[in-house]
Amino acid sequence: MKHICLYFQVHQPFRLRLYRFFDIGISHDYYHELNNRTLLQRIARKCYLPMNALLKKLIDHWGPERFSVAFAISGTALEQMRLYAPEVLESFQALHRTKGVEWIGETYGHSLACLKSQDEFKRQVRQHQEYIEKLFGVRPTIFRNTELIYYDELARWVAEMGFKAMLAEGADTLLGWRSSNYLYESAVAPLKLLLRNYKLSDDVAFRFSDRRWSEWPLTAEKYAHWFSDIPADQRLINLFMDYETFGEHQWAETGIFEFFEHWVNQMISEERAIFLTPSRVIEMHQPVAKLSVPMPLSWADSERDLTAWLGNELQTDAFETLYELEPLVREEEDPSIQRDWLRLQTSDHFYYMCTKFFSDGDVHKYFNPYNSPYEAYVTYMNVLADFRTRLREKSAEALKVATKSL
Amino acid sequence: MRVLMLGWEFPPRIAGGLAVACYGLVRGLSHHGVSVTFVMPLRTGEEPPDGYRLLGANEIDIPYTQSLSLPPFWHTVRFYGVQTTLGPYLEQFLTPELRFETVPEPVVSTTESALRLEFSGKYGPDLLDEVYKYAYAVSHLAEREEFDIIHAHDWLTYLGGAWLKEKSGKPLVVHVHATEYDRSGESPNPAILAIERLGMETADLVIAVSFYTRSLIVDKYAIPPEKIWAIHNAVLPKDRQPIQRPPSERKVVTFLGRVTHQKGPEYFVEAAARLAPYIPEAHFVMAGTGDLLRSVIRRVAQLRLGARFSFTGFLPPAEVERLFDLSDVYVMPSVSEPFGISALEALRAGVPVIISKQSGVAEVLPHALKVDFWDVDGLANLIYGILRYKAIRPFFIRYAQAELSQLQWERSSARVIEAYQSILG
């Protein structure tokens, strides 16, 4: 019998409004309120609510021993649910009460902070842990980084923070001849690694409704059969995907919900598999090897690297300019500064500046509010320019107060 | 394959993109072994010689004895020729203080056995007359020249092309670099429209310089789409080194083109007004002339931006290259631009380019910065980004140069040859 680990990523960024240079120093309102609200409400309607209901039904039916799932919900997504669709948050809390859900830790802002600052990275991870604890009453012990970015140095930091395991991409460059269908561990830190089976994950996440795909239409029977084809000693299959796969990337009309339900029922009723959370996986499996990853890996595009976020001059300039502000932000206690600092670090802002529009374009265009990477860059830089003026004003004020008291 | 090509402009006589495109195309066709005879109104002898034959309509002998037999279509277009002004072309000549060249009176010279027509070759008040004379002169090439196909560039030569087709029975290709709707918006000149329609209807095949223009031809002239090939212009490789810029804090924002409705100069000025207070070192150059120049200058004065603007008038090609070398950004806010070859020339000079979404060149530059022509704030914002944020320039140049290297006249010409073959059978 196989052990399937289902993990879903839930993330929404605070998309920026059309912020022009003449707003710099005048308006500190950066976000496209209407856009963010309508998008979140649409996704709630099409994906979060119906899929949560389906998962709850399956957990209730089979019990958490046989069917559980894991989620990582970014802090920005949770904030947006609280602001725009509180019923979604409630529905996640209801799902939590089934005891069939594990909450995975991540950076609060779904950021790339790890590439720039250990301090900022750890601060955000803690902030996210605290927020999850506040909402669900448990503190995550399994970690997954933004877009499954993973490398050795990061494994050290994550282990230092007390996490037991981390999710990563089962990339060919990492595994070579080995299979992702085992538990691994880091070569540099006491940290277990669950690696994504990208073939079986993407069959659902990307290819499910693709009529040019030779396997279309993918039925629950056919998909279930592919799991039986896996050699018996490869017991662990990690299926990691965007939660928006269900109902949003793949519309309800494609039959994705029915497919998922039938497949789960079939796998369990025919005793082909049970569905485990990452915490139970590391209890039940022993790592088969230590893996070393000197350079960052991600789950993005065919390259599985960072080029979708930091692959061109626009992205690196914006990224460097952002983190130049970190020391100034550290001196601030103003909650609105701290809030904007987190929201501006969200990786999506850099994704929008990506120029791989013409190869992996379909995915990149999804939810992208800009017509071109230039617009994304100029808008972002304008916002940063304003953010910087606020930091300067604040530190000038602080200086004034300090000198007065002398 | 022998092509008799009719065109109004050829280097070094350049008024806009037409001459540049004709030159590139002729060179590209010669490269593929096509024999081209290019007939322009007036040959000056300064044209670059390069594997093709140039002929002036002023060199065509017209026998005295021949009685004038007009083709059947003549009256449908000739009717409009009376007392029309040719808006965008003409206004610059009617504005005395902005006049850069004067128009000589056309005269007829005679030799012993034949007469020859004389042409100014300029866009003067007698333009329509010259168009008719040109058509008459080139129609005599039907008996004298050996050719397989007639290829006419823009409305100025369509009559000549139609007449030649009538007399020779050879297929006609008309090449649309711009239409009257691009030049004059929704108030087109009926004479020119009639000539354009006649040319496109008579033609066996129409070449449009972009998909943008192709769909305009379908919509406005009701030409069946299967008869129209969209073949993009290209750019000749750079054959010069850029000049050294004097060290200066000044940032130069450039507009280049006819100062007419089509090119959107007003939007450039309004964007400049938005930008000027925020970037004190920005300087705006408007190169070109046209019927809106006076009102544009008035508007600049009204905005108190006179000290920030330079109006250069019409610039010859060498000066254009120099201007690009001095520019930090080139802006083409055209309201309707069939192609916009100057954007490619700016790119070739390494200048970041902002083009309107209403331009054909946008189709071949996926990485260019694009904005709706009417979106003045958006335009100002992109200019601001280029001048203030350092990553755009190197990024843009890397991508745009790669795109530019794909735009070779050899490729475009190969497509033109395919188009020829499709009608020659």
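These numbers come from the heavy atoms of this one structure, side chains and all, not from hydrogens, waters or symmetry mates. It should be emphasised that the depicted structure is a prediction, and the values quoted were computed from it without experimental measurement. First the proteins, then the strands, lettered A, B, ... as listed; each starts at 1.
- Heavy atoms closer than 4.5 Å to chain B are found nowhere in Tyr380(A), neither backbone nor side chain.
- The greatest number of non-hydrogen atom pairs below 4.5 Å with chain B, out of Val378(A), Asp317(A), Leu314(A), Thr379(A), is found for Leu314(A).
- Ranking Leu369(B), Leu275(B), Ile386(B), Asn381(B) against chain A, the residue ahead of the rest is Asn381(B), based on heavy-atom pairs under 4.5 Å.
- Using a 4.5 Å cut-off between heavy atoms, Ile24(A) touches chain B through its side chain atoms alone.
- For chain A, the nearby parts of Tyr389(B) are the backbone and the side chain; heavy atoms of each come within less than 4.5 Å.
- The contact between Arg398(B) and chain A is made entirely by side chain atoms (from C-beta outward), counting heavy-atom distances below 4.5 Å.
- Asn382(A) and Tyr377(A) share no donor-acceptor pair across their side chains, judged by distance under 3.5 Å alone.
- Proximity to chain A (any heavy atom under 4.5 Å) is restricted, for Ala368(B), to the backbone atoms N, CA, C and O.
- Residue contact with chain B, scored on non-hydrogen atoms closer than 4.5 Å, is absent for Ala318(A).
- When heavy atoms are compared at a cutoff of 4.5 Å, Phe22(A) approaches chain B by way of both its backbone and its side chain.
- Between Phe309(B) and Phe311(B), the ring planes lie parallel to each other; the angle is under 30°, not in the 30° to 60° tilted range.
- For Lys390(B), the parts lying near chain A are the backbone and the side chain together; criterion is any non-hydrogen pair under 4.5 Å.
- Aromatic rings of Trp341(A) and Phe14(A) (six-membered ring for Trp) have centroids beyond the 6.0 Å cut-off, not under it.
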Quick one: do Gln12(A) and His110(A) satisfy side chain to side chain donor-acceptor pair (under 3.5 Å)? Show the steps, please. CA-CA 9 Å; Gln12(A) 290 301 322; His110(A) 200 80; over 6 Å; no
